[in-house]
Number of protein chains: 2
Amino acid sequence: MSSDSSSTRTTRLRQRSQDRRENERKELHRLILDAAAELFAQGGYEGFSLRRVAEHIGYSPGAIYRYFDDKDDLLFNVADEGFKRFQSAQRAAALSSDDLAHSMRAMAAAYVAFGREYPNHYRLMFMERPDLLFQSHQDQAVEWLNALSEYQVIFAAAVQAGVLRQGDSAAMSDTWWAMLHGIVALSITMNFLFDEARTEHLLQTALEMFFRAYGSNAL
Amino acid sequence: MSSDSSSTRTTRLRQRSQDRRENERKELHRLILDAAAELFAQGGYEGFSLRRVAEHIGYSPGAIYRYFDDKDDLLFNVADEGFKRFQSAQRAAALSSDDLAHSMRAMAAAYVAFGREYPNHYRLMFMERPDLLFQSHQDQAVEWLNALSEYQVIFAAAVQAGVLRQGDSAAMSDTWWAMLHGIVALSITMNFLFDEARTEHLLQTALEMFFRAYGSNAL
DNA sequence: TATCGTTGTGAACAGTGTTCATTTAGATTG
DNA sequence: CAATCTAAATGAACACTGTTCACAACGATA
């Protein structure tokens with residue numbers, strides 16, 4: 001009994017200490033990631049450096065390598081969190097209305113809003129280093145592709161609901177994406193030309209164009 | 001007479017040697033710029049370094065600073081040459097037909113073709129560092145803005161010619177640009193998704209959308 | 001108590017842009 | 001021709017960057 005109880009006690013102790021160490025690991029992992037996201041959001045891709053992240057959290061640069069393979073690995077995690085936020089905003093917009101035409105407009109608005117709110121994340125995800133999310137981590141890449149193919153599902157549903165006319169729904173989806181990406185990219189990159197008002201006006205004009213061309217009540 | 005002739009002779013000599021030195025300066029300026037453009041076109045923005053340019057032409061890194069203020073200054077000149085090419089291609093497309101609808105399609109095709117042919121230049125000009133061309137060199141910035149406003153001239157002409165319906169021609173121009181930029185940017189950044197065929201199909205679909213919505217024969 | 005394994009450090013390496021004193025070489029002058 | 005002056009090119013330095021690795025510290029385990 002004594003040996004048995006001591007055995008379980010030590011087992012429990014070992015378990016607890018192991019858990020605690022694991023938590024500490026996760027905490028530092030989070031600390032690094034948060035600091036990285038913050039510094040990245042502020043300084044963008046160019047001004048981002050591991051040494052600054054390390055200094056910001058009070059560790060030596062080498063310590064980061066215990067938690068991330070690479071600078072790219074760290075950037076991937078930053079981008080991935082951005083994408084999760086992006087995706088959830090898109091989903092919320094998609095579900096915001098029963099009217100698919102309204103949903104699509106809400107999604108477009110959310111798309112542009114995300115780009116303008118997190119320009120550096122958008123840059124990283126869709127402009128600078130999309131390879132981070134498609135090439136390096138193939139498991140995540142599948143998630144991304146699924147998310148992107150959700151657009152096609154919505155377009156198919158919109159066609160079936162009579163909101164969009166019939167046609168090449170894959171091409172429609174590409175056009176939709178290119179249109180929104182063009183607006184956001186110009187707004188981010190040429191922000192001295194495209195202030196919020198001009199961007200908003202551009203978005204409305206583009207949506208009008210899209211639905212005038214592809215809406216079911218067009219010709 | 002002898003003093004006079006010798007005076008003119010030395011003057012001529014001085015003139016010639018000065019010209020030659022000036023030519024040598026221009027030659028090295030060109031040599032650096034060409035090497036930079038080549039290395040940049042190959043390696044893109046990230047892989048581009050002054051030291052590599054210097055090594056490529058057989059000079060020490062510091063020598064470049066006799067001919068360019070900065071790395072940015074050198075990049076500006078690379079981008080500027082890209083823009084001149086871009087602009088001349090656009091102009092040629094604009095003048096390629098009397099039919100403004102054809103001209104616009106040709107300009108769109110030339111726009112996308114430029115992006116796909118010189119992706120790194122396009123990135124630099126319109127995605128990575130547009131500040132190089134708008135902020136730092138204000139005299140050049142005016143040229144750029146004029147070039148961009150040429151679009152609006154064409155749109156106004158298209159409206160007057162009855163090719164496009166009347167409306168907010170500035171917004172139409174923005175939409176046109178955003179559409180083309182979106183297509184090129186996606187094609188460049190997501191080149192593993194958008195191969196040439198898909199990009200071409202996307203362009204045609206987008207043009208169809210544009211003219212369906214804004215063409216004069218639309219409702 | 002001794003051993004082991006993990007963690008963080010600090011120094012090093014190769015690379016970057018940039019500056020500057022110094023050499024080099026060609027042009028100009030006496 | 002000799003001396004001087006000027007412009008160019010260099011090479012070494014500085015402050016950065018990402019990354020690696022031997023080593024020290026320290027808590028967990030035996």
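Letters go in sequence order (proteins before strands), and every chain restarts at 1.
Atom CG in A/Asn23 sits about 14 Å away from atom P in C/dT7, given to the nearest Å. In this structure, OH of B/Tyr65 is placed 12 Å from P of C/dT16, rounded to the nearest angstrom. Put simply, CG on A/Asp72 is 7 Å from P on D/dT19, counting in whole angstrom units. Here C/dG26 presents its C1' atom at 10 Å from CD of B/Glu24, a figure rounded to the nearest Å. As a whole-Å value, the separation of A/Ile57 CD1 from C/dG8 C1' is 11 Å. Residue A/Leu50 contributes atom CG, which lies 9 Å from atom C1' of D/dT19 at whole-angstrom precision. Taking atom CG on B/Asp69 and atom P on C/dT19, their separation rounds to 10 Å, with Å as the unit. The CD atom of B/Glu27 sits 14 Å away from the P atom of D/dA8 (whole-angstrom rounding).
Under the 6.0 Å distance and 45° angle rule, B/Arg123 does not count as a cation-pi partner of B/Tyr45. Both the sub-6.0 Å distance and the 45° axial angle are satisfied by A/Arg25 relative to the ring of A/Tyr67.
Closest contact between the side chain of A/Arg25 and the listed nucleotides C/dT7, C/dT19, D/dG11 involves C/dT7. Here the side chain of B/Ala63 is nearest to one of D/dT10, D/dT19, C/dT16, namely D/dT10. Distances were taken from every side-chain heavy atom of A/Tyr59 (C-beta onward) to each of C/dT18, C/dT7, C/dT9; the shortest belongs to C/dT9. The listed nucleotides are C/dT18, D/dT17, D/dG11; the one nearest the side chain of A/Arg52 is D/dT17.
Within the 4.0 angstrom heavy-atom criterion, only backbone atoms of the sugar-phosphate kind lie near A/Leu28; the bases stay farther away. Residue B/Ser49 is in sugar-phosphate contact alone, with no base atom involved, counting any heavy-atom pair closer than 4.0 Å across all strands shown.
The shortest distance between the side-chain N/O atoms of B/Tyr67 and the OP1/OP2 oxygens of D/dA9 is below 4.0 Å.
A 4.5 Å side-chain heavy-atom check between B/Trp177 and B/Tyr111 finds at least one atom pair inside the cut-off.
Between A/Met179 and B/Met209, the closest heavy-atom pair is SD-CE, 4.1 Å.
Taking only distance into account, the side chain of B/Arg51 meets the base of C/dG17 through a donor-acceptor pair shorter than 3.5 Å.
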- Message: Applying salt bridge (charged side-chain N to carboxylate O under 4.0 Å, His left out) to B/Arg30 and B/Glu81, what does each step give before you reach the verdict?
- Response: CA-CA 12 Å; B/Arg30 256 263 71 84; B/Glu81 296 212 322; 2.8 Å; yes
